[in-house]
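Quick caveat: nothing in here was measured; it's all calculated off a predicted structure. Labels below follow one simple rule: chain letters A, B, ... track the order of the sequence lines, proteins then strands, and each chain is numbered from 1.
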Amino acid sequence: MGEGPHTEPADSGRWQRIWAQVRRIPEGRVATYGQIAELAGVPRGARQVGYALHRAPPDVPWQRVINARGEVSQRSADGAGADQLQRQLLEEEGVEFDLAGRVDLAVWRWRPRRPAAR
DNA sequence: TTTATGGCTGTCA
DNA sequence: ATGACAGCCATAA
């Protein structure tokens with residue numbers, strides 16, 4: 001059947017997959033952008049995860065995703081302030097930050113038993 | 001179509 | 001440890 005991939009709805013499933021993985025992160029735990037990207041089947045898609053989170057629906061715990069340094073990523077102009085909120089939300093969940101404002105990934109990183117669910 | 005822009009990351013000085 | 005750079009790849013204009 002002559003079908004050309006010009007506007008595939010299946011493609012938008014990428015964000016859906018990313019959101020699905022973020023939703024799996026338990027309260028009081030964190031994951032990195034790169035980690036979510038891999039779990040969602042988008043290797044090297046760390047930036048895409050950030051982009052998807054920016055447009056995430058309200059039921060996605062975006063605050064549980066931080067960068068590989070264990071730090072809350074700073075937003076550009078538009079989302080300024082969200083980084084402070086993110087830290088606050090995480091602290092309310094019990095996640096601890098050190099004096100440098102970083103989370104010890106060895107302790108707080110979420111480790112799914114399975115690579116990816118669904 | 002091409003260009004610019006990101007809630008990133010790994011490597012090197 | 002920190003800072004600069006180059007890859008990465010999808011979305012938006």
- line: Readout for nucleotides 7-13 of chain B: B = base within 4.0 Å of protein heavy atom, S = sugar-phosphate only, - = neither; 5' to 3' it is BBSS---
- line: Atom CZ of A:Arg44 and atom C1' of C:dA6 are separated, to the nearest Å, by 15 Å
field: Nearest-Å distance for atom pair CH2/C1', residues A:Trp15 and C:dT11
entry: 7 Å
Treating [X] as the side-chain partner and [Y] as the backbone partner, does any N or O pair qualify as donor plus acceptor under 3.5 Å?
X: A:Gln86; Y: A:Val65; value: yes
X: A:Gln35; Y: A:Thr32; value: yes
X: A:Arg64; Y: A:Arg29; value: no

task: Give the other cluster members for A:Ile66, using side-chain heavy-atom distances under 4.5 Å between Ile, Leu, Val, Met, Phe, Trp and Tyr residues; answer none if it is isolated.
output: A:Val30, A:Val72, A:Leu90, A:Val95, A:Phe97, A:Val103, A:Leu105, A:Val107, A:Trp108
query: Side chains of A:Gln63 and A:Glu92: closer than 4.5 Å at any heavy-atom pair?
result: no
task: Please name all residues satisfying side chain to side chain donor-acceptor pair (under 3.5 Å) with A:Ser73, sequence neighbours left out, ordered by chain then number.
output: A:Asn67
Test side chain to side chain donor-acceptor pair (under 3.5 Å) applied to A:Arg23 - qualifying residues, sequence neighbours left out: A:Asp59
field: Dot-bracket pairing map - DNA chain C, Watson-Crick plus G-U, both contacts under 3.5 Å, | cross-strand
entry: .||||||.|||||
P spacing across the pair B:dG7 / C:dG7, given as an integer number of angstrom: 22 Å
Donor-acceptor list for residues 41-52 of chain A side chains, cut-off 3.5 Å, not counting sequence neighbours:
none

- line: Sorted by position of nearest nucleotide on DNA chain C, 5' first, the leading residue of A:Arg102 and A:Pro43 is A:Arg102
